[in-house]
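Okay, so here's the structure we're looking at.
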Amino acid sequence: MNRRDFLAGAAVSAAGAARADDTGQLAVNGGAPVRTKPLTGPNWGPQYYDDKEQSQLQEVLENHNPFRFANPIDKSKVALFENECAARMRTKYALAVTSGTAALHTAMAALEVGPGDEVILPAWTWYSCYSTVIQAGALPVFAEIDESFNLDPGDIEHRITPQTKVIMAVHLQGNPADVDPILAIARKHGIKLLEDASQSVGASYKGGPLGSMGDMGIFSLQQSKTITAGEGGVVVTSDAYLFERACRFHDITVRRDFPTRLRYLPGLNYRMNEFTGGVLLAQVRKLDTIIGDVRRNARRVYRGIDGLAGARLRHLPDPEGELGTGIFLGFRSKEQRDRYVQAMKAEGVPVSAPGGSVILPVVPEIESKVTVTPRWPSFASERGRNIRYGRECCPRTIDILSRFAGVLMSPKYTERDTTDAVAAIRKVHPAIMAQG
Ligand SMILES: *Cc1c(COP(=O)(O)O)cnc(C)c1O
């Protein structure tokens, strides 16, 4: 046997081994699984902790000034983090706060959202998006998602009223919402656009960092997000007026390092401390490494399943800009999707239904409009009393989410992990599609 034939033979047997079972029998039907040790989900930023975070923390300990404003502005870890964050997100300003929820609450106050106002938000998103609108005393108005799992630009305009003040576009699971048409609608109607990029820190849309394209953007830095100090949040904007309002709201109306322009604003305390700021300073410097790692892994899987007959990916409004945190495929029905989930689990490559968010209008307490106290202003208007949540306000959202499932990508997956993910999808998907 010459060298060429030998290599060709080796390639054939390697391909056979990758399928794990030449009969192609699914593990769920008793065949050999692609992996015996199942792939485990991602843990993002904490996996990248090293001596950089450690020395930042050490400096704060030795400095004895964990309160950010006890430090000169050029020495404060929080201020340094804000500067690097604004530079990375290409906004003029960034304000660090204690959580993504605090960032949303701060944005509501900065954007002057209050009783009598309405905010349009996607029916599929995180609780905080809804509850900060309620905390502002305003009325949440849900819109449907499309197959990007984000706000459907085609379902916004008919929900706009003279009271609509803000559209909240949420970029979920690493994937940008379709910002251009959403922004066009907001501009046409004189409505502000708030971007929540909590689940997509570092992603972009047509070259623009998520969070930088609307009037304001927010990020969460909680442990499940791209970079983290366990908790944390950021508000970004390029508007000096909105920034000053945000600063005052997050710090009991004081503006400590800004020429005073605005009057009193009854704020809270959402200030970030220096320990958190130090860890996040180290983390933001690793952001492009982390997202580079996850994108490399995701692209291996995308390439590996390219051309798979009948495979329908989640809609990606900008495939270059998304993070690739989940490789989602769509099915004809929930029943077919559930069979895919079962079969992939048996292969040792678990896939899950879209997660990390909630179909909010069907949460019983939200459907019944529970507020902090019964006389809360959110639902006090005639429109507020009449608005209906529940299944009938978002049937397409419910349908889309019931038909998709995806492999979650970790930035730390090895090449072998991604090869296994491809092998499992290529083994299971055609079988599930063939069953109808
Ligand atoms: C995590 C998250 C938040 C809230 O952030 P916290 O830091 O947990 O308060 C808000 N919006 C979205 C879309 C999120 O995923």
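In listed order, ligands and their atoms are each counted from 1. Heads up: numbering here begins at 1 and tracks the sequence.
The protein non-hydrogen atom at the shortest distance from atom 13 (C) of ligand 1 is Asp196 OD2, 3.4 Å. Closest to atom 3 (C) of ligand 1, if we only count protein heavy atoms, is Trp126 CD1, 3.5 Å. Shortest contact from atom 14 (C) of ligand 1 to any protein heavy atom: Lys225 NZ, 2.9 Å.
Between the side chains of Ser198 and Ser220, no donor-acceptor pair is found at a separation under 3.5 Å. For the 3.5 Å distance criterion, the side chains of Thr237 and Asp239 fail to qualify, holding no donor opposite an acceptor.
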Thr228 vs Gln222, side-chain hydrogen bond (donor to acceptor under 3.5 Å, both in side chains): CA-CA, chis, key distance, verdict: CA-CA 5 Å; Thr228 188; Gln222 186 268 343; over 6 Å; no
Please determine whether salt bridge (charged side-chain N to carboxylate O under 4.0 Å, His left out) holds for the pair Arg187 and Asp215, giving the CA-CA distance in whole Å, both sets of side-chain angles, and the decisive distance to 0.1 Å. CA-CA 10 Å; Arg187 293 289 176 258; Asp215 297 280; 3.3 Å; yes
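Shown in contact with Leu172 at under 4.0 Å from a heavy atom are these atoms of ligand 1, numbered in order with element: 13 (C). Listed by number with element, the atoms of ligand 1 under 4.0 Å from a non-hydrogen atom of Ser128 are 4 (C). Ligand-side atoms of ligand 1 in range of Gly100: 5 (O), 6 (P), 7 (O), 9 (O), range being under 4.0 angstrom from any heavy atom. Set against the non-hydrogen atoms of Gln222, the atoms of ligand 1 under 4.0 Å away are 7 (O), 8 (O). Residue-ligand proximity, Val170 to ligand 1, at heavy-atom distances under 4.0 Å covers atoms 13 (C). Atoms of ligand 1 found under 4.0 Å from any heavy atom of Ser99 (numbered from 1 in listed order, with element): 7 (O), 9 (O).
For Glu53 (side chain) and Asp50 (main-chain N/O), a donor-acceptor pair under 3.5 Å exists by modelled atom type. The closest donor-acceptor contact from the side chain of Arg337 to the backbone of Arg332 lies at 3.5 Å or more, if one exists at all.
Here Leu268 contributes atom CG and Arg248 contributes atom CZ; the two are 14.5 Å apart, rounded to the nearest 0.5 Å.
In Ile218, neither the side chain nor the backbone holds a heavy atom less than 4.0 Å from any atom of ligand 1.
Taking the six-membered ring wherever Trp is involved, the centroid distance between the rings of Phe219 and His171 does not fall below 6.0 Å.
Evaluated by nearest non-hydrogen atom to atom 9 (O) of ligand 1, the leading choice among Thr125, Thr132, Val201, Thr101 is Thr101.
The shortest N or O to N or O distance between Glu231 and ligand 1 is not under 3.5 Å.
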